[in-house]
Number of protein chains: 2
Amino acid sequence: MNTFDLTKNSKPMLAPVDVSTVQERVYQSLRLGLLRGEFLPGEQVSIRALANMLGTSAMPVREAIARLIAERAIEQSGPRTLRVAPYHASEHEAYIRIRMQLEGYAAERAASGPKNPKLVDALRRHNDQIKEALQVDDYDSALTGNQAFHFELYRASGYSQLLDLISTLWLRTGPIVASARKDTSLFERVFTHGVKIHSNVIDAVAQRDRAAARWSVNLDIRSSHLAIRRFYKLADGNAADVSGAD
Amino acid sequence: MNTFDLTKNSKPMLAPVDVSTVQERVYQSLRLGLLRGEFLPGEQVSIRALANMLGTSAMPVREAIARLIAERAIEQSGPRTLRVAPYHASEHEAYIRIRMQLEGYAAERAASGPKNPKLVDALRRHNDQIKEALQVDDYDSALTGNQAFHFELYRASGYSQLLDLISTLWLRTGPIVASARKDTSLFERVFTHGVKIHSNVIDAVAQRDRAAARWSVNLDIRSSHLAIRRFYKLADGNAADVSGAD
DNA sequence: ATATTAGATATGTGATCACACTTTAATTTC
DNA sequence: GAAATTAAAGTGTGATCACATATCTAATAT
């Protein structure tokens, strides 16, 4: 009878666990900052400086940073140096491929569930936000709208764990995408194209066409990836003119 | 010219960064312990206790734990309580599906590269280790052999980032799989079947058949998942006889 | 004017302490 | 003797200090 004396899963219902500690708020704050592009790829960060900025001591920041290091959003570039994960072409390529697998799968699931008009409406609303933001050159709004669109879709996959994983990946891609906003012309072109692709995604979800949903999302990811790559190639060329970096 | 004043990626070559701090060693130690099933799902952990056990102070353990929390290997079950992620059927199901996407993709890539006899040899060797371990009922060796087989395959995908992500997922699944070793009969049956499936994987890699590789790996994941689920269903039934838990 | 060096500042890391709180054990009380 | 109460450990969390070392600044020497 005591063959299986493993610690019983005492809490079958997944506990919300709202525990609001300082480190948790610091973590969420840094996470949001990364996602909104308030940090540049490769930018150095300092525990004490962040602690001052956030009006707290070093401790909570240290643990928040430790979590972000585990998520590869921040890395140690030297013995006593922390920085936001820099852009590296081949690395980024790998992340893009992985994202296509994961986000494509999430889209596939979202499109294969029961008919969901509320989801379709929400997606259309987010896409409209992007469209309107572009007309007034509000790139912050365009970025948050884009994020809202994708996360709304992925949440509909029904797997919160999948959403978690994807958002971790966005944490690494986030600063890179956001920094590309500096090339306004490229940014606008990409997002204008993105709005059209999103329409295809919405149609696929509305028609419950799994394959089309996956395909469209992958196209969206890939096309923005190509733009990013082009942006960094240009930036690299320009930077080479100024600094004679190794 | 200063259109793109983003922080230049000063280190194009990905630095190894060997910095051997105490917290890093603690982290690796806990990680290995989780992977080898030295922790039970749902088991409570204490920072101070671990610090004593590892012969250090609380600080390095705190940051190591923070990283493991970010990887969802450890979670806070209460305001001041930490535990190893418990088994929860539906949650586990989600992780299995995600693993099938990611590990299937990695296998697909490993099988679609140039002909790689050294990889095939290594895989065969790992699979033999499992086979031999089963004959002498050495379940530890069977588990590490299985892990070596899968990671060898995924490493051949060429994406270290993919390997990282997968190993993070194994960190969550690890204690669950390892604890199922308590049912020796089920364990042996599953792994005996697993050895056969691994052969199919090896064949697929040898013949560079992408689809077969993905399909076989997914079968491996799914079949072990079904066994785990069965194990926990049995354990749950038995536990219900003993404890009148809610 | 350039290169070298010495000092000062800032860095992450580890240890320790104080605190609020929960859990457990012992004690007291009825 | 059983139940209620109280005291004692034990918990994660946050703050602070000490330390070795890396990085930058400024003065010195060439």
Side-chain angles (χ1 to χ4, degrees), chain A residues 7-8 10-11 15-30 39-40 42-86 243-246, chain B residues 7-8 10-11 15-30 39 42-86 243 245-246:
Chain A
T7 307
K8 185 74 173 46
S10 48
K11 298 277 184 299
V17 182
D18 60 313
V19 264
S20 181
T21 65
V22 177
Q23 69 159 281
E24 181 66 28
R25 285 191 298 261
V26 170
Y27 172 71
Q28 293 298 342
S29 173
L30 294 179
F39 295 92
L40 291 172
E43 177 183 349
Q44 284 214 16
V45 293
S46 140
I47 292 177
R48 284 177 177 87
L50 288 174
N52 274 337
M53 205 175 301
L54 297 168
T56 177
S57 85
M59 260 326 298
V61 179
R62 284 174 69 167
E63 303 206 355
I65 296 265
R67 292 166 74 172
L68 292 172
I69 287 177
E71 292 179 284
R72 302 280 189 276
I74 287 183
E75 64 178 31
Q76 0 202 191
S77 53
R80 244 172 300 269
T81 336
L82 299 176
R83 67 173 175 195
V84 177
S243 75
D246 50 316
Chain B
T7 306
K8 185 72 173 44
S10 47
K11 298 276 184 299
V17 182
D18 59 313
V19 265
S20 181
T21 65
V22 177
Q23 69 160 283
E24 182 66 29
R25 285 191 297 262
V26 169
Y27 172 71
Q28 294 297 342
S29 172
L30 293 179
F39 296 92
E43 178 183 349
Q44 284 214 15
V45 293
S46 143
I47 292 177
R48 285 177 177 86
L50 288 173
N52 275 337
M53 206 174 300
L54 296 169
T56 176
S57 85
M59 252 338 289
V61 178
R62 284 174 68 168
E63 301 204 359
I65 295 266
R67 292 165 74 172
L68 292 172
I69 288 177
E71 292 179 284
R72 301 280 189 275
I74 288 182
E75 65 176 32
Q76 2 204 189
S77 53
R80 243 171 301 269
T81 336
L82 299 176
R83 67 173 175 195
V84 178
S243 75
D246 50 314

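In what follows, chains carry the letters A, B, and so on, assigned in the order in which the sequence lines appear, proteins first and then strands, with residues in each chain numbered from 1.
Counting all heavy atoms, side chain and backbone alike, B:P60 lies closest to B:V26 at CB-CG2, 4.2 Å. Of all the heavy atoms in B:R67 and A:A70, the pair that sits closest is O-CB, 3.5 Å. For the residue pair A:L40 and A:V84, the shortest heavy atom distance occurs at O-CB, 3.4 Å. Closest heavy-atom contact between B:A66 and A:A66: CB-CB, 4.0 Å. Summarising the geometry of B:G42 relative to B:R83, their closest heavy-atom pair is O-CB, 3.8 Å, with the distance given to 0.1 Å.
The closest side-chain heavy-atom distance from B:L30 to B:V45 is not below 4.5 Å.
Residue contacts shown for B:V45 are limited to sugar-phosphate atoms, with no base heavy atom under 4.0 Å away.
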Seminar exercise, completed: Protein-proximity profile, nucleotides 14-25 of chain C, B/S/- by nucleotide at the 4.0 Å heavy-atom cutoff, equals BB--B-BS----
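If you measure from atom CG of A:L82 to atom C1' of C:dA10, you get 13 Å, rounded to the nearest angstrom. To the nearest angstrom, P of D:dG12 lies 10 Å from CD1 of B:I74. Between B:L50 atom CG and D:dT11 atom P there is a gap of 10 Å when expressed in whole angstrom units. The CD1 atom of A:I47 sits 19 Å away from the P atom of D:dC19 (whole-angstrom rounding). Remark: P of D:dT11 and CD1 of B:I65 are 12 Å apart, rounded to the nearest angstrom.
The phosphate of D:dT11 has neither OP1 nor OP2 within less than 4.0 Å of any side-chain N or O from B:T81. Between A:Q44 and C:dA10, a side-chain N or O to OP1/OP2 separation shorter than 4.0 Å is absent.
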